[in-house]
Amino acid sequence: MKIPFLIFSILIPAAFPTSADGKQIVLETGQLRVEFEISDEKTLSLKEMGMKDGSWVSPLGGELFPTEPHRDGNGPRYQGPIEWRLPNGDRAAELLYESHEIQEESPAVRHLVVQLRERVYPLEVELHLRAYKDVDVFEQWLVVKNGLSEAIYVPRLDSMYFQAEAERSIFLEWYESDQKNTAGYPVREKLGMGMRRLESRDGNRHKHGPIPAFVLGFGDQPGESEGGCMIAALDWMGSSRFSFETNSEQILETSVGVNQPGQPLVESGGQLSSPVCVFTLSGKGKGPASRGLHDWAREHFLKNGKRIRLVDNNSWEGCRMKVSEDAILKMMEDSAGLGIELYVLDDGWFGNGKEARVNARAGLGDWQFNTKRFPDELDAIMKRAAELDIEFGIWFEPEMINEKSKLFAEHPEWVMRYPDRPLAEQRDQMVLDVANPAVQEFMFESVDRVLTKYPGIRFVKWDANSNINNVYSPYLGKERQGDLLNAYMGGYLNVMRELTERHPDVDFQACAAGGGRADLGAMRYSHTFWPSDDTDPLYRLGAQWNFSNFLPANTITAHVTHKGEGYGTKFRFDVSMMSQLGMEVDTRKSEPEYLEASEVGIAAYKRIRNIVQLGDQFRHAHPHDSETPSLNYVSKDETRALVLAYQTGELEEPLAFSSPVSGLDPAQSYQLTEINLPEADGSPRVVSGIASTKSGAEWMAEGIPLRFTNQFDSAAVLLEAVGSNPGGSRKQ
Ligand code: DGJ
């Protein structure tokens, strides 16, 4: 494997269209427009960002690299997006415009690069902004190039920086991540005077702290279809730092980037790139912004973005580490009978002797099958899987190591640890020094060996159950500790890139003790992520909803497990239907009624999953704002739609409720079918006696009339086009 150390970017020069007077730079998507301005003093400012047709303009604007020293006298002191430290102790950054170019990377993608140069020293900065015309999304990042004859330190190189007028209120929405309920509740706050900073410091994930994504609402809290807003997400898996500061002149300064634990070093002639920040704007609420991001992810970002994610059953919740060939064979057979398409063997299959993985204290790093539990490794299981026509998946945690492992005995130097301190452990494990190319090679080979031996494996769950606790890389040595996060992340990406290239048919799932890797950084080479170990459906309803602000439904794994029995099986399946549905059940200990209802739920999901996974999502009332949250999905060709509605509040008497529908073709006729009605709970929720076929215009005006009889009731309703309706009018 070739292991580049830092994250570098390469640019092929191309044509250079510029505006008439050479002082503006304009970049557009299908609907959005960004205009930069170059002042006579050669400073670069954002002049305007908003809708191309002028129907809405955001309050964003102002200098993009506010300079220090502050040459404009008595104004507020802005922090800007970059901090560096030069060999002579100078920390100022006066960045002046030099040139720019716009490449047409493809018919849909234009890439602007603005070159800036430090006023006094030979240091260059590139501002990169890539515009996706088809989905109205931008990617932004910065690159620093060191032309000095000595190395410099760059403790902060943020990805995105902007100022905004804050005379009208600005609202911030973000998502907490904690041990249990990752992203369960959106935090919504009005930004006041002073600094609001969101930081995570876990290093390799964000298990404690904010998920690296946020929504800004301009003027008011944005709704789903009204209000100006920005949604942004950082393509970074580790510690992040978002700062929002409103100053005495009512200007908001926002900077988004990595939270470095040290100071990265850039050698003479070297360069450092920030991760990418992905963002979009909308004048009409969060709905269009999220749909743009979903399309961007599926079209331009994810691996196999439009490959349908399968219905899986994972061994973890059902049997924890008590797995064996016999147990898996039985559960896989039962699963195939329920209509499950993929069986996943989770933790507990590896390690031998004293280091057998029978509990969390041993085995991590020894990626050999436990010969007592799996005497034929996967031979019998893969053979049976083929007979049953079910796919197979397996769990790994390649970045981690237990002290009780053969790997630790052989390579104690591969562990992240301070030179003289005792090791700190979390869940009895430590983090490998992923900056080290030899460790990257080991990680790659451990997974590749199993996938190569068993080419039938279709899925890998990649877990990470510890933060970086001993924040010291023996490989980097004492001079380069500031590069630790960049080198770790670069190493992780190298391994994932190689594995996904070598095994293109395998789907990878990002997991970090639950939802610690619900971010774009982990999703660059993953197909899905595991949102949380909490599978309580009420919590999941909120979390899946919140994740959907910035990630598409086909990435969000939603398992029905043994938890939450009090809600009823239909409700649990209807909640999972809004994302990538699967299960985590030990079929051997499940009641027949539960399995029967599961079979109905799985069949219903397979009927509509193309709409959910690949269509447009229209969210209506949020689960934390309403006791009847609902949403709907529409296929891209507008011929099929799925409406999901939930009753979360207590009910004293039955409730008549009209569930909203958006995004249909008004001129089409759509026929309604209620789905997921298990035998034990088969009474329809759609009010009987209504016309089952109406035009899209009528369904959207009237909604779907439902009747809920108890708390945790729910409905799943399919609408299918049956021809055009002469009375309807074409959608604009
Ligand atoms: C944490 C994950 O979130 C679980 O789903 C499971 O894979 C365990 N780790 C296994 O140790």
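First listed ligand is number 1; within each ligand, the first listed atom is number 1.
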Chemist: Please confirm whether K461 approaches ligand 1 to less than 4.0 Å, judged on its heavy atoms.
Modeler: yes
Chemist: Please confirm whether R427 approaches ligand 1 to less than 4.0 Å, judged on its heavy atoms.
Modeler: yes
Chemist: Does any N or O of ligand 1 fall below 3.5 Å from an N or O anywhere on M321, backbone included?
Modeler: no
Chemist: Give the residue, atom name and distance (to 0.1 Å) of the protein heavy atom nearest atom 2 (C) of ligand 1.
Modeler: D463 OD2, 3.3 Å
Chemist: Can you list the ligand 1 atoms lying under 4.0 Å from a non-hydrogen atom of W395?
Modeler: 7 (O), 10 (C), 11 (O)
Chemist: Have N676 and Y605 got a donor and an acceptor in their side chains that come within less than 3.5 Å?
Modeler: no
Chemist: Report, in ascending order of atom number, the atoms of ligand 1 lying under 4.0 Å from any heavy atom of W530.
Modeler: 3 (O), 5 (O)
Chemist: Backbone or side chain, does any N or O of R357 fall under 3.5 Å from an N or O of ligand 1?
Modeler: no
Chemist: Checking side-chain polar atoms at under 3.5 Å, does N549 have a donor or acceptor matched by the opposite partner on Y175?
Modeler: yes
Chemist: Would you mind checking which non-hydrogen protein atom is closest to atom 3 (O) of ligand 1, with the distance to 0.1 Å?
Modeler: D533 OD1, 2.6 Å
Chemist: Are F547 and F529 near enough that their ring centres are under 6.0 Å apart?
Modeler: yes
Chemist: Find all atoms of ligand 1 within a distance of less than 4.0 Å from any non-hydrogen atom belonging to G514, and give their numbers and elements.
Modeler: 3 (O)
Chemist: Ignoring hydrogens and geometry beyond distance, is a side-chain donor-acceptor pair present between N465 and D463 at under 3.5 Å?
Modeler: yes
Chemist: If you measure from each non-hydrogen atom of N465 to ligand 1, which part falls under 4.0 Å: side chain, backbone, both or neither?
Modeler: side chain
Chemist: Check ligand 1 against C511 and write out every atom of the ligand that is under 4.0 Å from a heavy-atom position of the residue.
Modeler: 2 (C), 3 (O)
Chemist: In terms of atom number and element, which parts of ligand 1 are under 4.0 angstrom from non-hydrogen atoms of A513?
Modeler: 1 (C), 3 (O)
Chemist: Of all the non-hydrogen atoms in the protein, which one sits nearest to atom 7 (O) of ligand 1, and at what distance?
Modeler: D346 OD1, 2.8 Å
Chemist: Spell out, as yes or no, whether a donor-acceptor pair under 3.5 Å connects the side chain of D376 to the backbone of D379.
Modeler: no
Chemist: Are any side-chain N or O atoms of H294 and backbone N or O atoms of S548, one a donor and one an acceptor, separated by less than 3.5 Å?
Modeler: yes
Chemist: Is there a side-chain contact between L484 and I468, using heavy atoms and a 4.5 Å cut-off?
Modeler: yes
Chemist: Between R458 and D507, does at least one N-O distance fall below 4.0 Å, as a salt bridge requires?
Modeler: yes
Chemist: May I ask you to identify the nearest protein heavy atom to atom 11 (O) of ligand 1, giving residue, atom name and distance to one decimal place in Å?
Modeler: D347 OD2, 2.7 Å
Chemist: Determine whether a donor-acceptor pair (N or O, by modelled atom type, separation under 3.5 Å) exists between the side chain of S177 and the backbone of H206.
Modeler: yes
